[in-house]
Amino acid sequence: MSAFGAEELTSLSAGDATRPGRFRGPRAASGTGPSSGSSGEHNFNQRIRGEKHRHYASVAQRLFELSRSGGIRSVVLAGMGADADAVEPHLHPYVARQVIGTARLNPKSVTAAKVMAAVLDVSSQSERARESEHVSQLREALGTGWAVNGVDPVLDALAHGQVRTLLVEPTWERSGFRCEHTARLVLEDSECSSEGRSLPVPDIVDEAIEEALRQGGHIEVVEDDEARSDVEGLAAILRFKQR
């Protein structure tokens, strides 16, 4: 799935997997005792279970091959009941790290639109969970010098190349300035007095995001209402402690 829609790939055949139907043991066919029938039913169920696991392993292998192509950012596993979860133990660790969640879909009635809706729902839940985790890290790091909260301290951290993860409160907007000689971002033009002219920038948040990306930092726009209440416009988890 991409931003342009969902595309069905070549199906994976379950091979010669036995169709799980009602077991007809030797007792029904020849009138033999119950122990023989129980043994036959047990073997039948074991064979079905083994064939399922071989199919899950094939699915996991196909996902690994797709992931090696470099075109996959994340994976959502979907199936009926526990089928989606059953694939996870077979996944290569690299693919397992890309799994962002599971969904329930019936392969007999699924459509591209249903796949897209399910993936978007799982993706949204995953993003909210990630945002909450970063804000939790922010709270823990603030008291130890490994994080800063507020636009001024974040701009100072950017000037020193300290920002590892930049947290952005998406509704916060304000213009600012870039100092001519040092390219430092500031809120007030007077802060550039010894660094050449103060060059106006229309949105200091956009400039901070660009600067963090240029320094190799990670950007987290905090959309969750509860989580973003802890972010004072901008916040940052640092690469090294504040001076």
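Atom set for the values below is all heavy atoms of this structure, side chains included, hydrogens, waters and symmetry mates excluded. Nothing fancy with the numbering, it's 1 onward along the sequence.
Residues L185 and I219 are members of one and the same hydrophobic cluster, defined by side-chain heavy-atom contacts under 4.5 angstrom among Ile, Leu, Val, Met, Phe, Trp and Tyr. Taking hydrophobic clusters as Ile, Leu, Val, Met, Phe, Trp and Tyr residues chained together by side-chain heavy-atom distances below 4.5 Å, M1 does not share a cluster with L9. In the hydrophobic cluster analysis, where Ile, Leu, Val, Met, Phe, Trp and Tyr join through side-chain heavy atoms closer than 4.5 angstrom, V163 is grouped apart from I237. If you chain together hydrophobic residues whose side chains sit under 4.5 Å apart, V122 and V75 never meet in one group. Linking ILVMFWY side-chain heavy atoms closer than 4.5 Å, directly or via other members, places L187 and V168 in a single hydrophobic cluster.
The two residues Q162 and D156 make their nearest non-hydrogen contact at OE1-O, 4.5 Å. In terms of heavy-atom proximity, S109 sits nearest to K114 at O-NZ, 3.4 Å. Heavy-atom minimum distance, R239 versus W146: O-CZ3, 3.3 Å. Of all heavy-atom pairs between I100 and S74, the closest is CG2-CB, 3.7 Å. A pairwise comparison of heavy atoms in V95 and S67 identifies CG2-OG, 3.7 Å as the closest pair. When all heavy atoms of V151 and W172 are compared, the pair lying nearest together is CG2-CH2, 3.4 Å.
Looking at E211 and R214, a side-chain N of the basic residue comes within less than 4.0 Å of a carboxylate O on the acidic one, giving a salt bridge. Of the charged side-chain nitrogens involved, none lies within less than 4.0 Å of a carboxylate oxygen, so that R174 and E207 do not count as a salt-bridged pair.
With rounding to the nearest 0.5 Å, the separation of CG in L155 from CZ in F177 is 12.5 Å. Separation of atoms CG (D206) and OG (S175) is listed at 12.0 Å; rounding is to 0.5 Å. Separation of atoms CD (E127) and CD (E220) is listed at 8.0 Å; rounding is to 0.5 Å. Interatomic distance, CZ of R197 versus CZ of R178, reported as 14.0 Å (0.5 Å rounding). The distance from the CD atom of E131 to the CZ atom of R228 is 9.5 Å, given to the nearest 0.5 Å. The distance from atom CD1 of I209 to atom CG of L213, rounded to the nearest 0.5 Å, is 7.5 Å.
Using cut-offs of 30° and 60° for the angle between ring planes, the H92 and F64 rings count as parallel.
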- request: Give the C-alpha distance, both sets of side-chain angles, the deciding distance and a yes or no for side chain to side chain contact (heavy atoms under 4.5 Å, CB included) between R164 and H218.
  value: CA-CA 6 Å; R164 176 167 61 87; H218 172 72; over 6 Å; no
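Counting heavy-atom neighbours within 6.0 Å of R68 CZ, excluding the residue itself, gives a total of 12 or less. More than 12 heavy atoms of other residues, nucleotides or ligands lie within 6.0 Å of CD in E180, so this atom counts as buried by the packing criterion.
The shortest side-chain heavy-atom distance between E232 and E169 does not fall under the 4.5 Å cut-off. At a threshold of 4.5 Å between non-hydrogen side-chain atoms, the residues M80 and P107 count as touching. Residues H134 and V222 fail the side-chain proximity criterion, which asks for heavy atoms closer than 4.5 Å. When side chains are defined from C-beta on, V59 does not count as touching L77, because their heavy atoms never get closer than 4.5 Å. By the 4.5 Å heavy-atom criterion applied to side chains, V186 and C192 are counted as neighbours.
Judged by distance alone, with hydrogens and angles left aside, the side-chain atoms of E195 form no donor-acceptor pair with the main-chain N or O of R184 at under 3.5 Å. A donor-acceptor pair is defined here as one N or O able to donate and one able to accept, closer than 3.5 Å; no such pair exists between the side chain of S136 and the backbone of S132. S124 contributes no side-chain N or O that, together with a main-chain N or O of D121, makes up a donor-acceptor pair within less than 3.5 Å.
Under the side-chain hydrogen bond (donor to acceptor under 3.5 Å, both in side chains) criterion, Q61 pairs with E65, not counting sequence neighbours.
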